[in-house]
Amino acid sequence: MSIIKSKIRTIPDYPKPGIQFRDITSLLIDPEGLKLTIGSFVNRYQNQGITKVAGIEARGFIFGAALAFQLGIGFVPIRKKGKLPGETLSQEYALEYGVDHIEIHKDAARPGDKFLIMDDLIATGGTLIASIQLIKKLGADVHEAAVIVDLPDLGGSAKIEKELKIPIFSLCSFEGD
Ligand code: AMP
């Protein structure tokens, strides 16, 4: 959506040269932008039978928790390794150099749960793929994944839709990244 896109600022060469960092803090600070963003997700998901929203650390927490509140359902954090205090399931995923892990509480799902996963942005899709795998390990269904920004040239959204058959919903995209 072009209003939302216009409120996302770009910081060139962050965190390293050549990266165009799509910074959603400029969207968050804008009352109209924030309302429009959460409202768009509420409109889409209010009648789809979603029972839980899982947000990916850290920016997925902001949008995911606001959406879960508006839908009247629970929120589940997906966190970096070692941050969750209870028993966890862990999933490895590839970084540019090496690997990392994300985790979810083992008791985060009930039988029949239908999850929506939320993050701010999808690039290569590595983080979202690992998150989908975690929720599947819990035995729950992933209905869809939602982001504010898609970077389609990096191929993550197409890969998830094709290989995992999970739809990706994005509010805007930046081509050519
Ligand atoms: P990926 O796993 O490659 O899809 O990367 C997605 C994660 O990295 C998200 O949690 C984003 O917050 C972050 N990220 C990757 N590229 C960018 C970018 N150009 N601008 C802002 N955040 C990014």
Side-chain angles (χ1 to χ4, degrees), residues 1-30 33-34 37-38 40-41 52-68 75-84 88-104 108 115-137 142-177:
M1 200 197 277
S2 62
I3 302 176
I4 289 174
K5 185 173 177 176
S6 71
K7 293 177 188 291
I8 297 170
R9 69 178 172 176
T10 298
I11 313 263
D13 299 319
Y14 181 89
K16 56 184 187 182
I19 304 284
Q20 302 286 319
F21 192 86
R22 307 305 181 178
D23 178 21
I24 51 84
T25 65
S26 51
L27 177 66
L28 289 174
I29 207 171
D30 182 298
L34 183 58
T37 302
I38 303 303
S40 303
F41 291 128
K52 283 196 176 104
V53 179
I56 303 175
E57 185 173 359
R59 292 182 285 269
F61 291 179
I62 302 166
F63 302 101
L67 175 62
F75 173 81
V76 173
I78 293 177
R79 298 210 61 181
K80 306 268 164 63
K81 190 178 179 147
K83 299 282 188 182
L84 289 169
T88 57
L89 290 178
S90 183
Q91 179 66 47
E92 186 179 283
Y93 65 105
L95 297 175
E96 198 176 348
Y97 304 105
V99 294
D100 210 343
H101 293 81
I102 51 170
E103 296 181 339
I104 197 166
F115 274 79
L116 173 76
I117 307 181
M118 174 76 75
D119 202 358
D120 66 327
L121 178 146
I122 179 165
T124 65
T127 318
L128 259 178
I129 290 170
S131 303
I132 292 166
Q133 286 166 333
L134 267 185
I135 290 171
K136 286 188 169 168
K137 277 185 190 171
V142 179
H143 176 71
E144 190 159 283
V147 292
I148 322 299
V149 179
D150 184 18
L151 304 183
D153 295 0
L154 292 172
S157 48
K159 182 175 180 188
I160 291 174
E161 295 195 328
K162 186 164 175 245
E163 293 177 14
L164 301 179
K165 311 272 184 260
I166 290 177
I168 306 291
F169 176 66
S170 60
L171 296 182
C172 65
S173 62
F174 287 83
E175 322 275 334
D177 277 21

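Just so it is clear, the values below take in all heavy atoms, side chains as well, and ignore hydrogens, waters and symmetry mates. Ligands are counted one by one from 1 in listed order, and the atoms in each one are counted from 1 as well.
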Does K81 pair with E103 as a salt bridge, N-O distance under 4.0 Å?
-> no
Pick out the protein N or O atoms lying less than 3.5 Å from any N or O of ligand 1, and list each pair with its distance.
unit_1, atom_1, unit_2, atom_2, d
ligand 1, 2 (O), G126, N, 3.4
ligand 1, 2 (O), T127, N, 2.9
ligand 1, 2 (O), T127, OG1, 2.5
ligand 1, 3 (O), T124, N, 2.9
ligand 1, 3 (O), T124, OG1, 2.5
ligand 1, 4 (O), A123, N, 2.8
ligand 1, 4 (O), T124, N, 3.2
ligand 1, 4 (O), G125, N, 2.7
ligand 1, 10 (O), D119, OD2, 2.9
ligand 1, 12 (O), R59, NH2, 2.6
ligand 1, 12 (O), D120, OD1, 2.8
ligand 1, 12 (O), D120, OD2, 3.4
ligand 1, 19 (N), Q20, O, 3.0
ligand 1, 20 (N), R22, N, 3.0

Is S173 reaching over with its side chain to a backbone N or O of S170, donor-acceptor style, under 3.5 angstrom?
-> no
Using side chain to side chain contact (heavy atoms under 4.5 Å, CB included) as the criterion, list what pairs up with A66, not counting sequence neighbours.
->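 Partners of A66 by the side chain to side chain contact (heavy atoms under 4.5 Å, CB included) criterion, ordered by chain and then number, come out as I38.
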Taking everything shown except Y14 itself, do over 12 heavy atoms lie less than 6.0 Å from its OH?
-> no
Residues passing the side-chain hydrogen bond (donor to acceptor under 3.5 Å, both in side chains) test with D100, sequence neighbours excluded, are none
Donor-acceptor pairs under 3.5 Å, side chain of residues 159-166 to any protein atom, not counting sequence neighbours: which ones?
unit_1, atom_1, unit_2, atom_2, d
E161, OE2, I168, N, 2.7
K165, NZ, K162, O, 2.7

